[in-house]
Amino acid sequence: MAQVYYADMRELPPGPESEVNLLSAVRRAQFFMLRNESARRRCLASGLLLRRVVGTGEESYSPFGKPFIPGAPPYSISHSGHIVCIAVGETPLGVDLEMHRPARANKLVAHCFAAGERALVQTEKDFFDLWTAKESLGKQLGVGIARILRVPLLEKDAEGLICPSLPTLRFYQADYFEGCSFTLCTEEDWDGVIRRVKLS
């Protein structure tokens, strides 16, 4: 069964450098290459959450940039606003969350989705629900969202979003965080619980 955990980045100490030595070598290198303080804090929070949930180990990347730790269970990380989350399972999976930003939704809907998918977008929330579904699908497939954005993959039935060409995949969507869309894409069951992990 897939598991999902989250942490609040506001719990990080003001000077995050003291925690950097806990990160994998790859994440430490990323941290020091970043110049933006917010980006550094996201990198640190993601790395600490990964360590607490999955354990230690050096990360590697697939040819399309999907992170993995050899010998560890498959995982997927996402962050938006002050929230960082990680999904862990027995099979490949993808998770995405996105804080709602109206201007972005209005500008991107015509450019991001195929014609059939655009019909699914009636509200701002619909846009971000569909965006996170496509992002989580790209992560689950290990190819990223850029390769599948305008491909008409997703439809809606009575139970929610589906991908007819990949019928074993399920899209779990939750309104767990206020003003934020969340989607988990997996072949596994999920109990709908997002467990909190403290970073401090």
Inset, instruction - Enter the distance from Glu155:CD to Leu120:CG here, rounded to the nearest 0.5 Å. - result: 8.5 Å

Inset, instruction - Might you point out which heavy atoms bring Leu93 and Pro74 nearest each other, and give the distance in Å? - result: CD2-O, 3.6 Å

Inset, instruction - Kindly indicate whether the side chain of Leu44, heavy atoms from C-beta on, has any atom under 4.5 Å from the side chain of Leu12. - result: yes

Legend entry - Side chains of Glu19 and Leu22 in contact at under 4.5 Å (non-hydrogen atoms): yes

Legend entry - Validation row: Ile162, Pro167 side chains within 4.5 angstrom (heavy atoms): no

Inset, instruction - Test salt bridge (Lys or Arg N to Asp or Glu O under 4.0 Å) on Glu98 and Arg101 and set out the steps. - result: CA-CA 9 Å; Glu98 193 75 39; Arg101 297 186 296 275; 2.7 Å; yes

Legend entry - Minimum heavy-atom distance Glu117-Leu130, with the two atoms named: O-CD2, 3.7 Å

Inset, instruction - Check whether any side-chain heavy atom of Thr183 lies under 4.5 Å from a side-chain heavy atom of Tyr172, and answer yes or no. - result: no

Inset, instruction - State whether the side chain of Asp126 and the backbone N or O of Thr123 hold a donor-acceptor pair below 3.5 Å, judged by distance alone. - result: yes

Legend entry - Backbone N/O of Glu90 and side chain of Glu188: donor-acceptor pair under 3.5 Å: yes

Legend entry - Ion pair check, Arg170 and Asp189, cut-off under 4.0 Å: yes

Legend entry - Side chains of Pro70 and Ser60 in contact at under 4.5 Å (non-hydrogen atoms): yes

Inset, instruction - Flag this pair as yes if the NZ/CZ of Arg40 is under 6.0 angstrom from the six-membered ring centre of Phe31 and inside a 45 degree cone about the axis; otherwise no. - result: yes

Inset, instruction - Could you give me the CA-CA distance, side-chain angles and deciding distance for Glu187 and Thr168, then say whether side-chain hydrogen bond (donor to acceptor under 3.5 Å, both in side chains) is met? - result: CA-CA 6 Å; Glu187 294 181 337; Thr168 61; 2.9 Å; yes

Legend entry - Interatomic spacing from CD in Gln3 to OG1 in Thr186 - rounded to 0.5 Å: 11.0 Å

Inset, instruction - Measure from the side-chain N and O atoms of Lys139 to the backbone N and O of Ile77, and report whether any donor-acceptor pair falls under 3.5 Å. - result: yes

Legend entry - Rounded distance [0.5 Å steps], CG in Asp175 versus OG in Ser181: 7.0 Å

Legend entry - salt bridge (charged side-chain N to carboxylate O under 4.0 Å, His left out) pairs, two or more places apart, involving residues 50-75: Arg27-Glu59

Inset, instruction - For the residue pair Lys134 and Leu154, establish whether any side-chain heavy-atom pair is separated by less than 4.5 Å. - result: yes

Inset, instruction - Kindly compute the distance separating CG (Leu141) from SG (Cys163), expressed to the nearest 0.5 Å. - result: 7.5 Å

Inset, instruction - Name all residues meeting the ring pair (Phe, Tyr, Trp, His ring centres under 6.0 Å) criterion together with Phe177; count only those two or more places apart in sequence or in a different chain, and write none if there are none. - result: Tyr6

Legend entry - Minimal non-hydrogen separation, Ser62 against Gly142, with atom names: OG-O, 4.1 Å

Legend entry - Hydrophobic cluster identity match, Phe68 and Leu48, side-chain contacts under 4.5 Å: no

Legend entry - Spatial distance of atom CG (Leu166) from atom CG (Leu153) [nearest 0.5 Å]: 7.5 Å

Inset, instruction - List the atom of Asp8, the atom of Arg196, and the distance in Å for their closest heavy-atom pair. - result: CB-NH2, 3.9 Å

Inset, instruction - Apply ring pair (Phe, Tyr, Trp, His ring centres under 6.0 Å) to His79 and list each qualifying residue two or more places apart in sequence or on a separate chain. - result: none

Inset, instruction - Quick one: pull up CG in Leu184 and OG in Ser76 and give me the separation to the nearest 0.5 Å. - result: 8.5 Å

Legend entry - Residue pair Val95 / Gln140, side-chain heavy-atom distance below 4.5 Å: no

Inset, instruction - Kindly say whether Leu49 contributes a backbone atom to a donor-acceptor pair with the side chain of Tyr5 at under 3.5 angstrom? - result: no

Legend entry - Chi angles and distances behind the side chain to side chain contact (heavy atoms under 4.5 Å, CB included) call for Leu50, Tyr75: CA-CA 9 Å; Leu50 175 64; Tyr75 62 89; 3.7 Å; yes

Inset, instruction - For the pair Ser78 (side chain) and Leu97 (backbone), establish whether a donor and an acceptor sit closer than 3.5 Å, ignoring hydrogens and angles. - result: yes

Legend entry - side chain to side chain contact (heavy atoms under 4.5 Å, CB included) evaluation trace for Val54 with Ile69: CA-CA 9 Å; Val54 177; Ile69 297 175; 4.2 Å; yes

Inset, instruction - Could you pull out all residues at least two apart from Phe182 that satisfy ring pair (Phe, Tyr, Trp, His ring centres under 6.0 Å)? - result: Trp190

Legend entry - Test side chain to side chain contact (heavy atoms under 4.5 Å, CB included) applied to Ile83 and Met9, step by step: CA-CA 6 Å; Ile83 300 297; Met9 287 187 264; 5.8 Å; no

Legend entry - Hydrophobic cluster (4.5 angstrom, side-chain heavy atoms) - remaining members for Val26: Tyr61

Legend entry - ring pair (Phe, Tyr, Trp, His ring centres under 6.0 Å) involving Phe64 - partner list, sequence neighbours excluded: none

Inset, instruction - Could you tell me which non-hydrogen atom of Gly89 sits nearest to which non-hydrogen atom of Pro73, and how far apart they are? - result: O-CB, 3.4 Å

Legend entry - Any donor-acceptor pair under 3.5 Å from Gln173 side chain to Asp129 backbone: yes

